[in-house]
There are 2 protein chains.
Amino acid sequence: MARWEPNARERLASSALDLFAERGYEGTTAAEIAARAGLAKSTFFRHFADKREVLFAGQDLIGEAFAAAMRACPPSATPRELLHAALAAAAFAFGDERRAWVVRRQAVIDDNTELRERELLKRASLTAALESALRERGLGERLAALAAEVGSLAFRGAFARWIAPSNARGYAELAREELDALASAAASLG
Amino acid sequence: MARWEPNARERLASSALDLFAERGYEGTTAAEIAARAGLAKSTFFRHFADKREVLFAGQDLIGEAFAAAMRACPPSATPRELLHAALAAAAFAFGDERRAWVVRRQAVIDDNTELRERELLKRASLTAALESALRERGLGERLAALAAEVGSLAFRGAFARWIAPSNARGYAELAREELDALASAAASLG
DNA sequence: ACGGTGATGAGACCAAGTCCCATCACAGGG
DNA sequence: CCCTGTGATGGGACTTGGTCTCATCACCGT
């Protein structure tokens, strides 16, 4: 096995997605993923805490982008403007080049409960990032929690529409639409 | 080992909570839980799909109660009234007798990421129950999704306050308060 | 008393994940 | 040019979660 080839982590992630798509998540062992990447099982677990994580590497970047974007907003910004800015800041993850990869990855996740469970954990972490950034702006407990959930919902909705087969529009535009629609729905709930 | 003693499932659940509280979730093996209940490891997994599930048995009843309560509402009910009815219907799970047990259980869950992850899965299932019941009432996609999240948030908030050490109030009352507070927060977001 | 049913015990087995140690590639200093 | 330190890797032992199969036993109706 040729050691010392670069990008071990990336090779593992890409081998994993390939194998999951072919044989399913449960039908693939960590040792097989490592082998396809030309690495050993122990090396796999040195790069990823567990077998699920290989599909979720880099998720934290989105949460950090959320928080950074909100911190960059003027103090006068309304909750809605903060959310707009946060969601827009995640656009780096949803360029056209990435779409095919993201679609394939999502199909694998949707197909397996264990992976959907991990996705929920990641989503919760994104929502928590929104919530704590909103509280830093002085929002009250409940309003921060609610606004964070609305932001999370808009993010999910925009994501779902972005990866839909029929879609040709950009993520940023979809996110703005989703958020506006949810805000008016919120008004009707009060 | 005395076979055929009744309530194997309950004995397993209670042994599990005891051991988790003593040694932590990760410090406890499934075989140890079974042994304390006077059963074998294979019997444990016959009753619970995995080690985490032993703490979440019966959660689905709450989701079913949500849906049933909404179906029992008059057709004229507003989304807010539907949510009130749903949350109120979950009160059976939060009587005073159960409080000590619930508090102990929650401490164990909060202490372990794996368990928190499973909790998110259960929470998502409750939210989905709310959402699908709301859509049956004719609510649009986004409004149903948003209202379900608000209901879930109110449920979580009421639960957190109910198990707080200083609390002496009942779950139903707390749930109503949380929902009203969130509804007015929602109005301010639109 | 007898056979059927259903819950259990026991143990083999696989894969996830941890751990430890040897090994190798590369870097820099003598 | 050699020597040594550093860091990523390979390899394998080990524990545990989880599955599966088969034998066993308690109870129930006939």
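What you see is a predicted model; the values in this text were computed from it and never measured. Letters A, B, ... mirror the listed sequences (proteins, then strands); counts begin at 1.
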Quiz item: Rounding to a whole Å, what distance do you find between R11(A):CZ and dA8(D):C1'?
Solution: 12 Å
Quiz item: Hey, would you say the Y171(B) and F159(B) ring centroids sit under 6.0 Å apart?
Solution: no
Quiz item: Does the gap between the ring centers of W162(B) and F94(B) come in under 6.0 Å?
Solution: yes
Quiz item: How close or far is atom C1' of dG12(D) from atom CG of L39(A), stated in whole angstroms?
Solution: 17 Å
Practice problem: In whole angstrom, give the distance that lies between atom CZ of R9(A) and atom C1' of dG7(D). | Solution: 16 Å
Which protein N or O atoms sit under 3.5 Å from an N or O of nucleotides 16-20 of chain C?
residue	atom	partner	partner atom	Å
dA16(C)	OP1	K51(A)	NZ	3.0
dA16(C)	OP2	A30(A)	N	3.4
dG17(C)	OP1	R52(A)	NH1	3.4
dG17(C)	OP1	R52(A)	NH2	3.0
dG17(C)	OP2	K51(A)	N	2.7
dG17(C)	N7	K41(A)	NZ	3.3
dG17(C)	O6	K41(A)	NZ	2.8

Exercise. Carefully, step by step, assess F48(B) and F56(B) under the rule ring pair (Phe, Tyr, Trp, His ring centres under 6.0 Å).
Key: CA-CA 10 Å; F48(B) 302 99; F56(B) 295 92; over 10 Å; no
Exercise. Please check the phosphate of dA7(C) (OP1 and OP2 only) for any side-chain N or O of H47(B) closer than 4.0 Å.
Key: no
Quiz item: Between Q59(B) and E64(B), do the side chains contain an N or O donor and an N or O acceptor separated by less than 3.5 Å?
Solution: no
Self-check item: Charged N-O contact under 4.0 Å between R156(A) and E178(A)
Solution: no
Quiz item: What's the CG-P distance between L12(A) and dG10(D), to the nearest Å?
Solution: 9 Å
Self-check item: E53(A)/K122(A) ion pair, N-O < 4.0 Å
Solution: yes
Quiz item: Distance check: side-chain N/O of T43(B) vs OP1/OP2 of dT8(C), anything under 4.0 Å?
Solution: no
Quiz prompt | Gap between atoms CG and C1', on N7(B) and dT8(C) respectively (whole Å) | solution = 15 Å
